[in-house]
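Step one of this worksheet: look at the structure below.
As the structure is a computational prediction, the values presented were derived from the model and not from experiment. Any value given below was found using the heavy atoms of this structure, including those in side chains, with hydrogens, waters and symmetry copies removed.
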Amino acid sequence: MKFLDIGTIIKSVLFVTYTALICSLSIGNSFAQSVEQLQQLRERAQQSQNSTTTQSVSPLSISTQRTLPGATSSASAMGQFSTQPRNGVNLPGEPTIDTVFPAQAPMENPPFAANLFIGGFESERSSGLNDNYLIAPGDKISIWLWGAVNFSDVVTVDNQGNIFIPNIGPVRIANTPAGSVNETVTAKIRQVYTNDVNVYVNLLTSTPVSLYVSGPVLRPGQYAGLASDSVLYYLKRAGGIDFQRGSFRQIDIVRDGKVVASADLYAFFRNGKLPEISFKDGDTILVHPIGNTIVVETGARNSFTFEFLNEELNGDVVNYFARPGEFASHASVSGIRSNKQFARYLSVEEFASLELRAGDTVEYIADHEPQIYRINVAGAFAGASQVMVDKGARLIDVLDHIEADTTLSDTQNIYLLRESVAVKQKEIIEEGLRRLERSMFTAPISSTGEGAIRAQEAQLVADFIARARQVEPQGRVVVSENGEIANILLEPNDTIVIPEVTDLVHVGGEVLLPQSVVFNPDATTEDYVAWAGGFTERAEDERILIVRKNGNVTFTSINDSFLSSNDSKLEPGDQIIVLPTIDTKLLQAVKDITQIVYQIAIAANVATN
């Protein structure tokens, strides 16, 4: 019995397989599938299986909508088509902007008025009707009459701008505002039906028109919209004007082979003027090639690429559109004249009368010679924090006008913070870091083991260099010594620092407890270091940095006689900075690293901050 069951099953399987083979061969004659189509079917089947696992199936939920293969519909049956719009989804093999449009580098100075095509205003349309909309051919109007006469119909505005009402005749309604349609039609009807007739008129919809956008635009072609839509609407639908090839100044509306209106986007951008035109089916918006261009690089509020007509190629027009900054005094012009380089440097007034050529480049420059400097005041002082001085002013001349309390202000240790010195200090540190990089990454290697050690050293040095490059020097200038102040020439934006009177000595760097200690005239450097917890294991006790209150820097050690001299005693406000030591067995560029550490400590005081 068991053998009979198995044989029956085998026969059944063979029969089904044979039947399926015959059916597939017969169907294949009329519906042969390519390998690609079979692959699409396989993927679609997998998608349908995945969807069935997450959605409930009901006998009443069978979809009858047909979709094309590859459409976005959820139906998976082959041979169906979709009635929904593609919403910008490209079909396989369909040309796109990336495949048909030449690649262009970003423009440093984009065209003037280019931001007119930014945003999605072409898709923002109110669902209600505008009372100021002008009736155009193709619009539909609903008319009701009741009372002595009953009539109800939807009429269409014909090509002559009229609607026809039985027993009334044609009624001229083209170019009538939508808010006045009821009044206009009712007045015409009451000329015939004077009594016992009620009238109601309603504008239903406005019929779209179809027109063409051509010329240097990103997506030329045919577009639909309302007759009352503007030129900007259709240009935005076409992707906007091509910045490299299209004109913003010469845009024509062509109807039946004739130019019926022209648009200048510069006039709209500056004065809000656009051509008043009601579009019709078959109209063409033609963008002309770009005309004469002038590039305004810098120094103006509108640093764009401008397109000018032939009669506008002069400096006065460029000044009008570019709007130079308030402090712009000169204009630099460069271009080509008679196949030779041309360059002029003129005042803004002289530039206004200069004749320009297409392709010229203009740069506005504030070239006023500074006659008054701004000097900042910081620290312990009274009064204003900024002082305006004439060019050539010196330090002592300015100090005479700064109020300070001698009991709180240490006027004997004044110093300056100067921007140019900070830049120079940054350059010195950067040069040392570059030298350190060269010494580490170009050092010779004699063995594999040494190479592994050097690789680790190089990584440590690279981390140190990255942190060192983030240091910002202060640009301190020492101008006082032993109560005397150097009467140096001041530079713009200098900062005069008047330190506060203090009774503290600051200890930092490689000590266990960096802190400020009350000044003791009998204490030595070793005492202050001891009060700060003593040296750390990485401390270098042979070269201790002393930063004076006035900015002077000296070195000392625990074992020398530095403090024996009366001229070198510690003073209140001094900083003791214990620098780290570097093991010579691990790194090869010890000299460069030590020098850089000293420079950073002096230039930015990072060891105590």
Q: Using the side chain to side chain contact (heavy atoms under 4.5 Å, CB included) rule, pick out the option among V231, L286, T284 that qualifies with I253.
A: V231
Q. What distance do L235 atom CG and I251 atom CD1 have between them, rounded to the nearest 0.5 Å?
A. 5.0 Å
Q) Is a donor on one side and an acceptor on the other found under 3.5 Å between the side chain of D158 and the backbone of Q160? A) yes
Q | S180 backbone acceptor or donor facing T184 side chain under 3.5 Å | A | yes
**Q.** Separation between CG of L490 and CG of D390, rounded to the nearest 0.5 Å
**A.** 11.5 Å
(Q) Which heavy atom of S329 sits nearest to which heavy atom of A366, and what is that distance? (A) OG-C, 3.9 Å
Q) About how many Å separate CD1 of I375 and OG1 of T495, when rounded to the nearest 0.5 Å? A) 8.0 Å
Q: Starting at CZ of F164, measure out to CG of N167 and round the result to the nearest 0.5 Å.
A: 8.5 Å
Q. Is K188 salt-bridged to E183, going by a charged N under 4.0 Å from an acidic O?
A. no
Q | Flag side-chain contact, heavy atom, 4.5 Å: N202 against I143 | A | no
Q: Measure the CD1-CG distance between I165 and N162 for me, rounded to the nearest 0.5 Å.
A: 10.5 Å
Q | F248 and Y266 aromatic ring geometry - parallel, tilted or perpendicular at 30°/60° bounds | A | tilted
Q.
Quick check with a 6.0 Å cut-off and a 45 degree axis cone: is R301 positioned over the face of Y364's six-membered ring?
A. no
Q.
Testing N314, V333, D316 one by one against L354 for a side chain to side chain contact (heavy atoms under 4.5 Å, CB included), which residue passes?
A. V333
Q. Does the side chain of D252 pick up a donor-acceptor pair with the side chain of S262 at under 3.5 Å?
A. yes
Q. Has R237 got its NZ or CZ under 6.0 Å from the middle of the six-membered ring of Y223, at an angle within 45 degrees of the ring axis?
A. no
Q.
Rounded to the nearest 0.5 Å, what separates atom CG in L226 from atom OG in S278?
A. 10.0 Å
**Q.** Between N376 and N493, a side-chain donor and acceptor under 3.5 Å
**A.** yes
Q) Can V209 and D283 be said to form a side-chain contact (heavy atoms from CB on, under 4.5 Å), step by step? A) CA-CA 9 Å; V209 297; D283 285 353; over 6 Å; no
Q) Between the side chains of T361 and E297, does any donor sit under 3.5 Å from an acceptor? A) no
Q) Is it the case that more than 12 heavy atoms not belonging to R323 sit under 6.0 Å from its CZ atom? A) no
Q. Do Q222 and S210 have side-chain N/O donor and acceptor atoms under 3.5 Å apart?
A. yes
Q: Look at atom CG of D256 and say whether more than 12 heavy atoms of other residues, nucleotides or ligands are closer to it than 6.0 Å.
A: no
Q: Look at the rings of Y200 and W144 and say which category their plane angle falls in: under 30° parallel, 30 to 60° tilted, over 60° perpendicular.
A: tilted
Q | More than 12 heavy atoms of other groups within 6.0 Å of N271 CG | A | yes
Q: Would you indicate whether the side-chain heavy atoms of L232 and L265 approach each other to under 4.5 Å?
A: yes
Q | F304-F321 aromatic ring centre distance below 6.0 Å | A | no
Q. Does the pair R337/D360 count as a salt bridge with the N-to-O cut at 4.0 Å?
A. yes
Q) Is the gap between the ring centers of H330 and Y345 under 6.0 Å? A) yes
(Q) Is it the case that atom CD in Q371 sees more than 12 heavy atoms from other parts of the structure closer than 6.0 Å? (A) yes
Q) Judged by atom type as modelled, is there a donor-acceptor pair below 3.5 Å linking the side chain of N198 to the main-chain atoms of G147? A) no
Q) Does a donor on one side chain and an acceptor on the other come within less than 3.5 Å for N292 and N310? A) yes
Q: Evaluate the side-chain proximity of F308 to I294: yes if any heavy-atom separation is below 4.5 Å, no if none is.
A: yes
(Q) Are there over 12 heavy-atom neighbours, none belonging to K280, within less than 6.0 Å of that residue's NZ? (A) no
Q) Around F342, counting heavy atoms of other residues, nucleotides and ligands shown, do more than 12 lie under 6.0 Å from its CZ? A) yes
Q.
Counting neighbours of CD on Q341 that are heavy atoms of other residues, nucleotides or ligands and sit closer than 6.0 Å, is the number greater than 12?
A. no
Q) Where the side chain of Q250 meets the backbone of S247, is there a donor-acceptor pair that is under 3.5 Å apart? A) no
(Q) Within the structure provided, determine whether V181 and I173 are in side-chain contact (heavy-atom separation under 4.5 Å). (A) yes
Q.
Heavy-atom count check: over 12 atoms from other residues, nucleotides or ligands less than 6.0 Å from Y212 OH?
A. no
Q) Any luck finding a side-chain donor-acceptor pair between T293 and E307 under 3.5 Å? A) no
Q. With a 4.5 Å limit on heavy-atom distance, are the side chains of I189 and V185 in contact?
A. yes
